[in-house]
Structure formats: C-alpha cells, structure tokens
Amino acid sequence: MDRFRFCGDLDCPDWVLAEMSTLARMSSVKMKLLCVQVIKDLLDEGIDYDKVSKLTSDAKFESGDIKASIAVLSFILSSAAKHDVDSDSLSSELQQLGLPKEHTTGLCKSYEDKHSALQEKLREISLRLGRLEAVNWRVDYTLSSSELKQVNEPTVQLKLQAQDPETDSTQTTVVSITADKFRVLLTELKQAQTMMNALQ
Amino acid sequence: MLFVLSEEHKHLGFLSEVDPAVVGESGRIAVEFLKKGSNPKIYEGALNVWSGSVQHGLEGLMYLLTESCKLTISEEDFQDSVLVLGFSEELTELLLQLYLENRKEIRQILSKPAPSLPHYHSLEWRLDVQLSSRPLRHQLKPTVTLKLHLEDGARRSAHVLQTDPATLQHLIDELERALAELKSSHCRRILHNIQ
C-alpha cells in the first residue's frame with residue numbers, strides 16, 4: 001500500500017478505504033454540504049443532524065452509514081489539517097483511494113476554505129497543562145498589626161485561577177507579595193516576556 | 001446442553017397467570033435491568049401485580065436469561081429446559097423469542113469482567129523545547145509531555161508524565177518487545193490451544 005501524506009506518511013487505514021464507496025453513493029453536491037456540517041462539528045460550531053439526515057436520505061443511508069460517512073470525513077479533514085497537506089495533494093490522494101473526481105473537488109474546496117480555521121482549532125485543543133484562566137490583583141497598605149504598631153507597608157495580593165493538570169477543574173490560588181519580592185517577580189517575568197517576543 | 005431449573009424458578013410461575021402482553025413487558029424490563037441494574041420503582045408502575053412476587057418473578061426471568069446466555073444453549077435445549085415449568089406453548093415461544101433476540105447483547109454484558117485494572121482510553125502528547133529558564137539561558141532541551149487518560153468502569157483519570165526523547169525511545173523499544181512476545185512460538189501455541 002502506498003504512503004499517504006494526509007495520513008502522516010503512513011498507510012491509509014482500511015476502514016477509510018472501505019468508506020470511500022459509501023461516500024460515492026451520495027451525490028457530489030450533497031457530499032460537499034455534508035463536509036460543511038462535518039467541518040462545523042470539528043470547529044465546535046455544532047452539527048445539524050436534521051440537515052445531515054436530509055442530505056443522506058436520497059442515498060438511503062441507514063444510521064450506520066451516516067455515522068460512517070461523518071467519521072471518515074472527520075478523519076480526512078482533520079488529518080489533512082494536522083499534517084498541513086495542501087489542497088492539490090489531498091485531491092490526488094483521495095482520487096487514488098477511489099473517491100470520484102467531483103466528490104474530491106467538493107471536499108477539497110471545503111478543506112481549502114476552512115484550512116486555517118481547522119488548524120487554529122487543532123492548535124487550541126493541543127495538550128496544555130494547567131492553563132491560566134484569570135489573574136486578579138489588589139494592592140493593600142498595611143498600617144498596623146498585632147506585632148508592630150506602625151507597619152506602613154504595601155503588599156500585592158494576586159489571585160490566580162488555573163486548571164488543575166490532571167482533573168481539568170479550576171483551582172484558585174491566592175498569594176500575597178511584599179514590594180521587594182514583587183519587584184523581583186516582575187523583573188524575571190519581563191525577561192521571560194522579552195524572550196517570548198523574540199520567538200514570535 | 002440442558003440446564004436444570006431449580007427452586008428459584010418456581011417464581012416464574014407468575015408468568016403463566018398473566019396476559020402475554022404482561023409477559024412481553026416483564027421480558028423487556030428484565031433485559032433493561034440486566035443492562036442498567038435493577039430499579040425497584042419500575043415494579044410498582046409497570047406491572048399491576050403485587051410487588052413481592054413481581055420482584056422475584058423478574059429476578060427469576062433475569063436468571064433464566066443469564067443462565068441461557070452463559071451456556072449459549074440452542075433453541076431446542078431452551079424449550080426443553082423451560083418445559084419443566086409447565087408453561088403453555090405460547091408462553092414458551094415468547095420466552096424463546098426473548099432469549100434469541102437479546103442473547104448477543106446479554107452475552108456482551110456478561111463478558112465484562114467485574115473488578116479490573118484501569119485501562120487505556122486515550123493519549124495526548126506534546127513536544128516542547130526548553131530554551132531558557134530563570135537560572136540558565138541558551139538551552140536546547142527537548143521534552144515530551146504526555147497525558148494518559150485511563151478508564152475504570154465509569155471513572156476516568158488522567159496522568160501527566162514528562163520524559164526526554166531518549167527515555168521515550170527506550171519506552172517504545174520495551175513496548176515493542178512486549179508486543180513481539182505475542183508472536184513467539186510459546187505464546188502462539190498457548191493462544192492456539194485456547195481458541
């Protein structure tokens with residue numbers, strides 16, 4: 001079996017090959033509209049299952065066929081975006097797998113239109129641990145305490161809301177920082193920021 | 001192969017005293033209970049029969065189905081086994097249909113072993129390069145971060161792991177060695193004998 005770029009330079013999975021004939025049972029126009037729905041699903045915009053059943057009713061798809069065609073289109077579109085395959089290469093590879101020319105053209109047009117949006121979405125869902133969700137701060141001035149009558153010191157209170165890496169639930173941490181420590185923190189963070197800017 | 005019906009099965013007696021429609025309904029409820037666990041509220045609502053005997057009756061029906069599925073008995077054997085209970089032909093036919101229609105699904109439910117180790121659900125990964133840290137600038141340290149999602153029945157857990165490429169390669173080699181064991185003649189002989 002040939003290696004396919006849209007499969008990451010690996011063999012095409014057997015099930016994908018098998019579903020090419022299922023897709024060919026639809027008209028190319030309806031298949032392109034189905035691609036639009038699948039892309040909406042991949043972008044988390046919500047898939048309209050009513051539209052999907054209307055699109056597949058002419059080809060007399062059973063529920064198994066509908067699920068299979070959505071699965072294979074999802075795979076092709078997301079895998080092609082994952083490996084940054086250009087529209088022309090995708091077109092020639094799909095035709096090699098037996099997808100008729102009109103169907104391939106429709107699919108690749110949808111792919112090209114939404115290529116950047118798909119990659120952006122995949123970038124967004126890439127593994128990240130402990131995402132910082134919100135930062136809140138407050139500056140206080142301590143006048144006096146039980147230990148010392150005249151304290152006269154500013155402090156920063158930082159409230160950090162971040163995702164727990166293993167449970168994905170939001171954890172809140174509050175820290176209070178004296179002026180000196182805060183100056184050190186700020187300097188270090190600015191150095192990190194300079195480095196990040198240099199990389200972008 | 002016949003299976004012998006015992007004391008427990010006299011509870012199924014209630015089935016011959018009610019309508020075929022009720023028998024059908026009881027059958028459906030018994031299968032639902034097998035799939036999702038029993039729910040006593042259903043006893044009261046669905047069947048207008050006294051609660052105590054309904055519960056035993058349903059449990060009897062569930063036992064009949066699970067034992068038949070466990071042994072995957074043939075149609076004739078099922079009919080012969082049920083004959084002992086002295087049901088009408090119509091009722092026996094209903095029970096047989098119930099058994100045949102749900103056999104595959106019930107066998108699937110029975111095949112899941114009870115307590116088990118958490119098993120693999122999915123794996124997310126990320127390749128990073130550390131360029132700088134607070135104490136040291138100008139580094140080039142690649143790391144692979146993995147988030148292993150495991151499933152144990154209904155519970156999902158995630159484990160975050162980090163490794164350098166050399167260790168990852170070692171991990172891959174060890175796992176491939178484990179897979180290769182399956183192809184060794186020793187393993188193949190055993191698998192052949194089981195299947």
Side-chain angles (χ1 to χ4, degrees), chain A residues 7-11 13 15 42 44 63-64 71 74-75 78-79 81-84 118-133 162-171 173 175 177 180-200, chain B residues 31 35 101-105 108 117-169 171-173 175-176 179-180 182-183:
Chain A
C7 298
D9 288 328
L10 295 172
D11 293 341
W15 70 272
L42 289 171
D44 266 340
S63 76
S74 285
F75 176 81
S78 58
S79 192
K82 182 198 274 195
H83 296 107
D84 201 22
L118 279 170
Q119 287 193 323
E120 209 29 63
K121 184 70 188 170
L122 293 172
R123 187 170 288 127
E124 227 179 277
I125 62 173
S126 288
L127 178 60
R128 266 175 64 190
L129 302 171
R131 265 178 224 237
L132 183 63
E133 284 168 2
Q163 243 187 352
D164 176 279
E166 300 203 344
T167 63
D168 288 344
S169 58
T170 307
Q171 304 285 352
T173 316
V175 286
I177 317 174
D180 286 339
K181 258 282 194 297
F182 186 66
R183 240 168 259 131
V184 174
L185 176 65
L186 195 56
T187 313
E188 298 290 340
L189 288 178
K190 281 185 175 170
Q191 289 180 354
Q193 185 186 43
T194 310
M195 222 160 295
M196 274 179 70
N197 288 339
L199 288 168
Q200 279 196 308
Chain B
V31 173
K35 285 189 219 175
E101 277 162 29
N102 294 291
R103 170 158 64 170
K104 198 164 164 197
E105 215 173 333
Q108 259 184 352
L117 293 169
H119 54 262
Y120 173 82
H121 178 262
S122 59
L123 178 71
E124 289 179 89
W125 60 265
R126 192 176 86 198
L127 173 65
D128 291 314
V129 170
Q130 183 172 303
L131 298 171
S132 255
S133 61
R134 188 179 176 202
L136 183 65
R137 305 298 147 86
H138 307 301
Q139 300 173 38
L140 263 177
K141 195 167 97 159
T143 33
V144 178
T145 309
L146 303 159
K147 190 167 177 182
L148 181 63
H149 294 265
L150 299 174
E151 201 173 51
D152 191 1
R155 266 179 0 129
R156 291 267 181 97
S157 58
H159 300 266
V160 176
L161 308 159
Q162 212 171 45
T163 179
D164 59 277
T167 312
L168 182 62
Q169 186 60 52
L171 182 66
I172 293 173
D173 291 338
L175 290 173
E176 285 188 337
L179 264 181
L182 267 177
K183 302 205 182 91

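Within every chain, numbering begins at 1; the chains are lettered A, B, ... in the order of the sequence lines, protein sequences first and strands thereafter.
Partners of A:Phe182 under the ring pair (Phe, Tyr, Trp, His ring centres under 6.0 Å) rule, at least two apart in sequence or in another chain, do not exist in this structure. Residues meeting the side chain to side chain donor-acceptor pair (under 3.5 Å) test with A:His83, sequence neighbours left out: none. Under the side chain to side chain donor-acceptor pair (under 3.5 Å) criterion, A:Ser126 pairs with no residue at all, not counting sequence neighbours.
Judged by distance alone, the side chains of B:Glu124 and B:His149 do bring a donor and an acceptor atom under 3.5 Å apart. For A:Thr170 and A:Glu133, the side-chain atoms include at least one donor-acceptor pair closer than 3.5 Å.
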A:Lys121 and A:Ile125: CA distance, side-chain angles, deciding distance, side chain to side chain contact (heavy atoms under 4.5 Å, CB included) verdict: CA-CA 6 Å; A:Lys121 184 70 188 170; A:Ile125 62 173; 4.2 Å; yes

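For a heavy-atom cut-off of 4.5 Å, chain A lies close to B:Arg137, B:Thr145, B:Leu146, B:Lys147 in residues 135-147 of chain B.
Contacts between A:Glu188 and chain B at a heavy-atom distance below 4.5 Å involve the side chain alone, from C-beta outward.
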